[in-house]
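When a residue number appears, it is its place in the shown sequence, counting from 1.
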Amino acid sequence: MSVAKKDYKRITTKSLIEMKSNGEKISMLTAYDFTMAKIVDTAGVDVILVGDSASNVMAGHETTLPITLDQMIYHASSVVRAVERALVVVDLPFGSYQSDPKEALRSSIRIMKESGGHAVKLEGGKEIKESIKKILNAGIPVMGHLGLTPQSIYKFGTYTVRAKEEQEAEKLMEDAKILEKLGCFAIVLEKIPADLAKKVADSISIPVIGIGAGGGVDGQVLVIHDMLGMNNEFSPRFLRRYLNLYELMTGAIGQYAADVKSKDFPNAGEQY
């Protein structure tokens, strides 16, 4: 029996859990600035992730590791000012939560107070459970992140698919259940086998959002620059490009430059 889709005026953590129980898929995209966030929110995306992927797509770093807490707060506050409907989740950057639960709490409080974000996201399972407990005890919603965890890239040594071996798959399942029990409202699963991702989603009551984790989960997330084709150098199997903005934008900008050189711009109707 299908359930009628509910019209949410404002997405909350409770909304996402309702969506899972009603069989409604959850849409999630990244955004890092006011203008892009306004477009994403107006288009009806449920969750906006202010991801530490800003380190790559906004600042040009090779990994997510260099971005700082101050920079994440700057990006998050820009996004929050644009949003009317979506839930805004903010990544805790590398080094702001791993070493000490008290530091994790301080970092999370700064994000919530200074950016106005609605929740934080952390990478890891059992090994960071004390940090998650402390954040949740302060009333701050937490989204988990398992599978390929980019902040641990130097430990993995590669961005390849995770949890293909039985031992790692079992640990991932155990970690997902730990995150659920602790009180996380959702989990991102990145780049793991689709069968395992579905098994995780079916075994826990909180939503599972996939990126490279197949269609059997409760929702999907992509990096906006990848999905819109602004980045033409990144082509993993899980990425569907909905536009080729790289080509459209370089064409438009090239035409503008040519029009300036030829004195075609501005014309008589474009001046006072």
Any ring-ring contact (aromatic ring centres under 6.0 Å, His included) involving residues 90-124? Give me the pairs, sequence neighbours left out, ordered by first then second residue.
none
The complete set of ring-ring contact (aromatic ring centres under 6.0 Å, His included) pairs with one or both residues in residues 171-230, sequence neighbours excluded, reads Tyr32-His225
Glu103 and Ser107: side-chain donor and acceptor closer than 3.5 Å?
no
Listed once per pair and sorted, the salt bridge (Lys or Arg N to Asp or Glu O under 4.0 Å) pairs that draw on residues 224-252, sequence neighbours left out:
none
Taking only residues at least two apart or on different chains, which pairs with a member in residues 86-102 satisfy salt bridge (Lys or Arg N to Asp or Glu O under 4.0 Å)?
Asp91-Lys121
Among pairs that include at least one residue of residues 240-272, which meet ring-ring contact (aromatic ring centres under 6.0 Å, His included), considering only residues two or more places apart or in two chains?
Tyr256-Phe265
So, Glu130 and Lys134, do they make that salt bridge, N to O below 4.0 Å?
no
The salt bridge (charged side-chain N to carboxylate O under 4.0 Å, His left out) partners of Lys38 (sequence neighbours excluded) come to none
Are side-chain N/O atoms of Thr68 and Gln71 paired as donor and acceptor at under 3.5 Å?
yes
Answer whether the closest heavy-atom distance between the side chains of Leu87 and Ser15 falls below 4.5 Å.
no
Could you walk me through whether Val221 and Leu29 pass the side-chain contact (heavy atoms from CB on, under 4.5 Å) test, one step at a time?
CA-CA 5 Å; Val221 59; Leu29 280 173; 5.8 Å; no
Applying side-chain hydrogen bond (donor to acceptor under 3.5 Å, both in side chains), name anything that partners Lys20, two or more places apart in sequence or on another chain.
Asp218
Lys263: which residues meet the salt bridge (charged side-chain N to carboxylate O under 4.0 Å, His left out) condition with it, sequence neighbours left out?
none
Residues pairing under salt bridge (Lys or Arg N to Asp or Glu O under 4.0 Å) where one sits in residues 105-118, two or more places apart or in two chains, turn out to be Asp70-Arg110, Arg110-Glu114
Listed by chain and number, what are the salt bridge (charged side-chain N to carboxylate O under 4.0 Å, His left out) partners of Asp46, not counting sequence neighbours?
Arg85
Name all pairs fulfilling the ring-ring contact (aromatic ring centres under 6.0 Å, His included) condition that reach into residues 33-63, sequence neighbours left out, sorted by first residue then second.
none
Stepwise, does the side-chain contact (heavy atoms from CB on, under 4.5 Å) test hold for Val200 with Met173?
CA-CA 6 Å; Val200 173; Met173 178 67 78; 3.9 Å; yes
To check you understand the geometry: which heavy-atom pair defines the closest contact between Ala82 and Ala37, and what is its length?
CB-CB, 3.9 Å
Find out whether Val79 and His75 are in side-chain contact, i.e. whether some heavy atom of one side chain is under 4.5 Å from a heavy atom of the other.
no
Any side-chain heavy-atom pair of Ile187 and Ile209 under 4.5 Å:
no
Test side-chain contact (heavy atoms from CB on, under 4.5 Å) applied to Val89 and Val50, step by step
CA-CA 6 Å; Val89 179; Val50 185; over 6 Å; no
With a 4.5 Å cut-off on side-chain heavy atoms, are Pro101 and Lys133 touching?
no
Could you work out, with salt bridge (charged side-chain N to carboxylate O under 4.0 Å, His left out) as the rule, every residue matching Lys171, not counting sequence neighbours?
Glu127, Asp175
State, with a plain yes or no, whether a side-chain heavy atom of Lys199 is found less than 4.5 Å away from one of Ser203.
no
Rounded to the nearest 0.5 Å, how far apart are CG of Leu222 and CG of Leu49?
11.5 Å
Salt bridge between Asp259 and Lys261, side-chain N to carboxylate O under 4.0 Å?
no
Cluster check Ile17, Val120: I/L/V/M/F/W/Y, side chain < 4.5 angstrom:
no
State, with a plain yes or no, whether a side-chain heavy atom of Lys126 is found less than 4.5 Å away from one of Glu174.
yes
